[in-house]
> 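Mind having a look at this structure? Questions to follow.
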Amino acid sequence: MLNELEKIYNPIENEDKIYKKWEESGFFNPDNLKLSKDAKSYTIILPPPNITAKLHIGHSAMLAIEDLLVRYHRLVGERTLWLPGTDHAAIATQSVVEKKILAESGKTRHDLGRAKFLEEVWKFVNETQATILHQTKKMGSSMDWSRLTFTLDEQRRKAVQAMFIDMYREGVIYRGERIVNWCPRCHSTLADDEVEYKEQKAKLYTFKYDKNFPISISTTRPETKLGDVAVAVNSKDKRYQEYIGKEYNVNFCGQKLLIRIISDYNVESEFGTGALGVTPAHSMVDWQMAIANQLPIIKVIDEDALIKDGYGAYSGLSVDKAREMIVAELNKKGLMEKEEEITNNLSVCYRCNTPIEPLLSKQWFISVDKKLERLGNKSLKEKALEAAEKRDIEFLPERFNKSFKDWMANLHDWCISRQIWFGHELPVWYKGEDVYVGESAPQGVDWIKDQDTLDTWFSSGMWTFSTLGWPDNFKNGVKIGDLAKFHPTQVLETGYEILTLWVSRMIMMSFFALNEIPFEKVYLHGTILDKNGKKMSKSKGNGVDPMEVIEKYGTDALRLSLLMGSTPGNDSRYNEEVIETKRNFINKLWNISRFILGSVSEESLNQDYKICPDGKTLADNWILSEMNELVSKVSKNLDNYEFSFAADELNDFTWNKLADWYLEIAKIEKDKDSILVYLLKNLLILWHPFIPYVTETIWQSTNQDLLMVASWPKSSNAKKNANNFNILQEVVTAIRNARSLNKIEPSQKLKAVIYGHNSLDLLNSQKENIKNLKTGLSEIEIFEKGDKIDKAITAVVSNIEIYLIGEIDEAKEKERLTKEAANLEKLILLQETKLNNQDFVGRAPESIVNAEKEKLANYKTELLKISNSLKSL
RNA sequence: GGGCUCGUAGCUCAGUUGGUUAGAGCGCUACGUUGACAUCGUAGAGGUCUGCAGUUCGAGUCUGCACGAGCCCACCA
């Protein structure tokens, strides 16, 4: 029994206790669930949060959605696994630790040395990891902690090494030279999607290499022109057509260059002079042109953004300094034609904002285009595209299917090596020019291990199967153990911003390793913006700490606010008032439960909640049929990932049907114990995936077993009992309404004059209810039509006229009725016009036309009643 | 340049294949608080669904254009 004194639900007091109970039960682990033999599996692998991060509101939304899904499927009786893990986030973590060490001791990672530095990183990781895990639990997440993983733990290391070696043997991983985004400060390459663009003012210089060269070129970076090998023009540009294919020897600021004139569709005739100096070693597009035209590649800039040796006075200078000198030189020689201010986008490192230097470098790549025998002679890209195309993987919302395919189709080879220390090591060994790929060094001396680490997306790309025991659980092409039980997973739930970054990589990796999809569905939630619709960020300080929200309103209120009123893929705004109303709702549910549990008999509490009791009265049958319908709607909505609809239905039933009507009637009509208990228990089960703590707390007050493993109710096929409860509702509402408008004293008498054969018996049977349902009237009389009524206020509903007898504010009543009559006349006119329209009557479905006719008739009847009432005033 | 989302009540948002008089919560107004709940109840006011044009018997919903807000991708030599 609930403590009588607890009028208000106290989340803080109950949440930790309940979570402990769940954890100790062992039911987070699907191996401990009591399942039927043919139970399906339902698996979600948690998108691993960054170990350095604290939980933010976006995580909370993710956890709320995933926990909802997992709890629902567990209640339905499926073999449900939610597998937790954390991400080592190589670059982010290393950067945080570097900053920390620098602040504490003024040392850089190079001062410490690799081994000592990594020791520091691991110390940090072990400290911070606990925070995010603890906060994850606070959200009520029902994850199987016995299967907890980390992207950089021993088992994942094994998986990554195996994957790399296998991919290398298949020729998917290769070592090659190409332009990479190089951050001179981090001393690391960045993936294309780690590069950010910043708008800046820059100078665009227009000049010729030397006097004998026929074409002027424009550039913002004259210093790179030391490595030019060609000038590219658009093939359609008439100005330059005669030059295409010709070669010129030029002397550019003391550097001898051989420049060929080529054509390329990437060149825009309108920009600058319409001619582009091609610098293959320091620009991605230029590099592609050089490869296509088999041009040499000349490096000018080194890893520290300084000019390389062999460029005379320029060597050793920073790019900015070299630019100044070259500009001066061009001016001196009279080659400079124009200097103009333009705004362009500067590529900068997403971590440290340092301008990116595109450099040619030896890196490891994954080929997305290599055809693989094991994939039926298709490439990873083709398999991923096919999965989306054939809907083997479904996207929610659907529009992301197209975004995904567009992005995938344009995907280039993926650079996977990173020049940082914290991360997965490459199983690669060098001896001079020899390269060996394998778990340990080959025979012989002088083999040196590759110093790079892998892009973190390499290990997170393997996340769905590395967490389930691959490669140990994959023997001779057959899945065993957890991998067989839980892969492919059912849904990947994540933010749309990493659709391309992560989702695409998981799909490719899974195809390579297992030749199957990693998940059946991708559910993408939107971003939570701040109150003003801006993105939350540390720098703006507009973030919301979920732990503070939980402290103030409870976890359930936070979860419910994140689950309701939002649609997949669309951003929503954080609004504290919304959380407050959810807290109020939870308290309402608490009090509904308190009322029911406090008023029913002990033995009714022990009845089997799966058996639906028989209804005796109009209200009983109504609420039971509403409950039956609720079960079917909520189940359907949850199956379709429509959480908000499901919660709306539940909210409407709980507050507007159960609390406002049925419980009020239960105070009047007695002997409803078994129905009340049945309603409450099933309602708690239905609500549990949304608000697990409060529902379990209530459940625990009367049950030995756990709500989290109760049985989800089934809706019977019985048709909705078409009863007349809505007439009772209408009459009561009309009386309340009229009473409120005319300020009728509670003590005054009510007379209802009824015509229409059904309603008379009905209202007679509901006399007590009408009187006591907050109509504020002490007496009620029901008459046949024809009785004489004085001083009456009229309400008209359905087929019933109600006269409330008492003192009337005649002017006010007249005004109200006149207004209503005017409205009705307008509607009648509209309706008549519509029905006179031959097109409508001739072409609209008959059911619609009939409905319109009936509507017109109803309006006319009501208007007649109102005009009669007006006359009697 | 290519693509996407959004514009509905004062605010935050729903609106599920086009079909009754477009909904909810908060806020506002009036009244109330009777033993589950003041984190409460009853009722009310408040909308030319951004604009224009089109398709249709019928458009918040579909199409085109315009305006406004925001996001993503590519390029920026």
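All figures in this text were calculated on a predicted structure; none of them were measured in a lab. Below, all heavy atoms of this structure are taken into account, side chains as well, without hydrogens, waters or symmetry copies. In what follows, every chain begins at residue 1, and chains take the letters A, B, ... in the order their sequences are listed.
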> Mark yes or no for a side-chain to base donor-acceptor pair under 3.5 Å between A:Lys7 and B:C37, with no hydrogen or angle criteria applied.
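Absent.
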
> Does any N or O donor sit under 3.5 Å from an N or O acceptor when you compare the side chain of A:Glu664 with the base of B:A36?
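When only heavy-atom distances are counted, A:Glu664 does reach the base of B:A36 through a donor-acceptor pair under 3.5 Å.
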
> Just how far is it from atom CD of A:Glu664 to atom CG of A:Asp660, taken to the nearest 0.5 Å?
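Result: 7.5 Å between the selected atoms.
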
> Taking the basic N atoms (NZ, or NE/NH1/NH2) and the acidic carboxylate oxygens, is any pair closer than 4.0 Å for A:Arg221 and A:Glu357?
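So A:Arg221 pairs with A:Glu357 through a salt bridge.
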
> Report the residues that fulfil ring pair (Phe, Tyr, Trp, His ring centres under 6.0 Å) with A:Phe653, sequence neighbours left out, ordered by chain and then residue number.
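None.
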
> Shorter than 3.5 Å, N or O on both sides, protein versus nucleotides 12-15 of chain B: list them out with atom names.
| from | atom 1 | to | atom 2 | distance (Å) |
| --- | --- | --- | --- | --- |
| B:U12 | OP1 | A:Arg573 | NH1 | 3.3 |
| B:C13 | OP1 | A:Arg573 | N | 3.4 |
| B:C13 | OP2 | A:Arg573 | NE | 3.2 |
| B:C13 | O2' | A:Gly565 | O | 3.3 |
| B:A14 | OP1 | A:Thr567 | OG1 | 3.2 |

> Under the side chain to side chain contact (heavy atoms under 4.5 Å, CB included) rule, collect the residues that match up with A:Leu529, sequence neighbours excluded.
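Partners of A:Leu529 by the side chain to side chain contact (heavy atoms under 4.5 Å, CB included) criterion, ordered by chain and then number, come out as A:Thr527, A:Lys535, A:Asp571.
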
> Classify the side chain of A:Lys667 and the base of B:A36 as holding, or not holding, a donor-acceptor pair under 3.5 Å.
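Side chain to base: pair present.
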
> What residues form a salt bridge (charged side-chain N to carboxylate O under 4.0 Å, His left out) with A:Lys531, not counting sequence neighbours?
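A:Lys531 satisfies salt bridge (charged side-chain N to carboxylate O under 4.0 Å, His left out) with no other residue.
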
> Please tell me if A:Lys534 has a side-chain N or O lying less than 4.0 Å from either OP1 or OP2 of B:A69.
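It does not, given that no N or O in the side chain of A:Lys534 lies less than 4.0 Å from OP1 or OP2 of B:A69.
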
> My understanding is that only residues two or more places apart in sequence, or in another chain, count here; which of them pass side-chain hydrogen bond (donor to acceptor under 3.5 Å, both in side chains) with A:Tyr240?
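Result, side-chain hydrogen bond (donor to acceptor under 3.5 Å, both in side chains) vs A:Tyr240: none returned.
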
> Calculate the interatomic distance between A:Phe207 atom CZ and B:A77 atom P; express it in whole Å.
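One finds 13 Å between P of B:A77 and CZ of A:Phe207, rounded.
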
> Looking at residues at least two apart in the chain, or sitting in another chain, which of them share a side-chain hydrogen bond (donor to acceptor under 3.5 Å, both in side chains) with A:Glu669?
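In terms of side-chain hydrogen bond (donor to acceptor under 3.5 Å, both in side chains), with neighbours along the sequence ignored, A:Glu669 is linked to A:Thr617, A:Lys672, A:Asn769.
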
> Pick out the pairs of N or O atoms, protein on one side and nucleotides 43-45 of chain B on the other, that lie under 3.5 Å.
| from | atom 1 | to | atom 2 | distance (Å) |
| --- | --- | --- | --- | --- |
| B:A43 | O3' | A:Asn737 | ND2 | 3.4 |
| B:G44 | OP1 | A:Asn737 | ND2 | 3.1 |

> Under the rule for salt bridge (charged side-chain N to carboxylate O under 4.0 Å, His left out), what residues qualify as partners of A:Asp228, not counting sequence neighbours?
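Result, salt bridge (charged side-chain N to carboxylate O under 4.0 Å, His left out) vs A:Asp228: A:Lys225.
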
> NA contact type, A:Asp660, heavy-atom cut-off 4.0 Å: base, sugar-phosphate, or nothing?
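Here A:Asp660 touches the backbone only, sparing every base.
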
> Quick check against the 3.5 Å criterion: does A:Asp673 have a side-chain atom that pairs as donor or acceptor with the backbone of A:Ser604?
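It does not hold such a pair.
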
> Quick one: does any side-chain atom of A:His282 pair with a main-chain N or O of A:Val300 as donor and acceptor, under 3.5 Å?
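Looks like yes, one N/O pair under 3.5 Å.
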
> Only counting residues at least two apart or in another chain, list the ones meeting side-chain hydrogen bond (donor to acceptor under 3.5 Å, both in side chains) with A:Ser632.
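So A:Ser632 forms no side-chain hydrogen bond (donor to acceptor under 3.5 Å, both in side chains) with any residue.
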
> Can you list the residues that meet the ring pair (Phe, Tyr, Trp, His ring centres under 6.0 Å) rule with A:Tyr662, with sequence neighbours excluded?
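So A:Tyr662 forms no ring pair (Phe, Tyr, Trp, His ring centres under 6.0 Å) with any residue.
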
> Along nucleotides 54-61 of chain B, 5' to 3', which nucleotides get a B, which get an S, and which get a -, given that the test is a protein heavy-atom distance under 4.0 Å?
---B----

> Identify, between A:Asn651 and A:Phe585, the residue whose nearest nucleotide on RNA chain B lies closer to the 5' end.
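Per heavy-atom nearest nucleotide, the more 5' residue is A:Asn651.
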
> I'd like the C1' distance from B:G32 over to B:C37, given in whole Å.
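Roughly 15 Å separates the two C1' atoms.
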
> Would you please indicate if the ring centroids of A:Phe252 and A:Tyr209 are separated by under 6.0 Å?
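Ring centres of A:Tyr209 and A:Phe252 closer than 6.0 Å.
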
> Can you list the stems that RNA chain B is part of, where a stem is at least 3 pairs in a row, each Watson-Crick or G-U, with both distances below 3.5 Å?
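Stem list for RNA chain B: B:1-7 with B:67-73, B:10-13 with B:23-26, B:28-32 with B:40-44, B:50-54 with B:62-66.
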
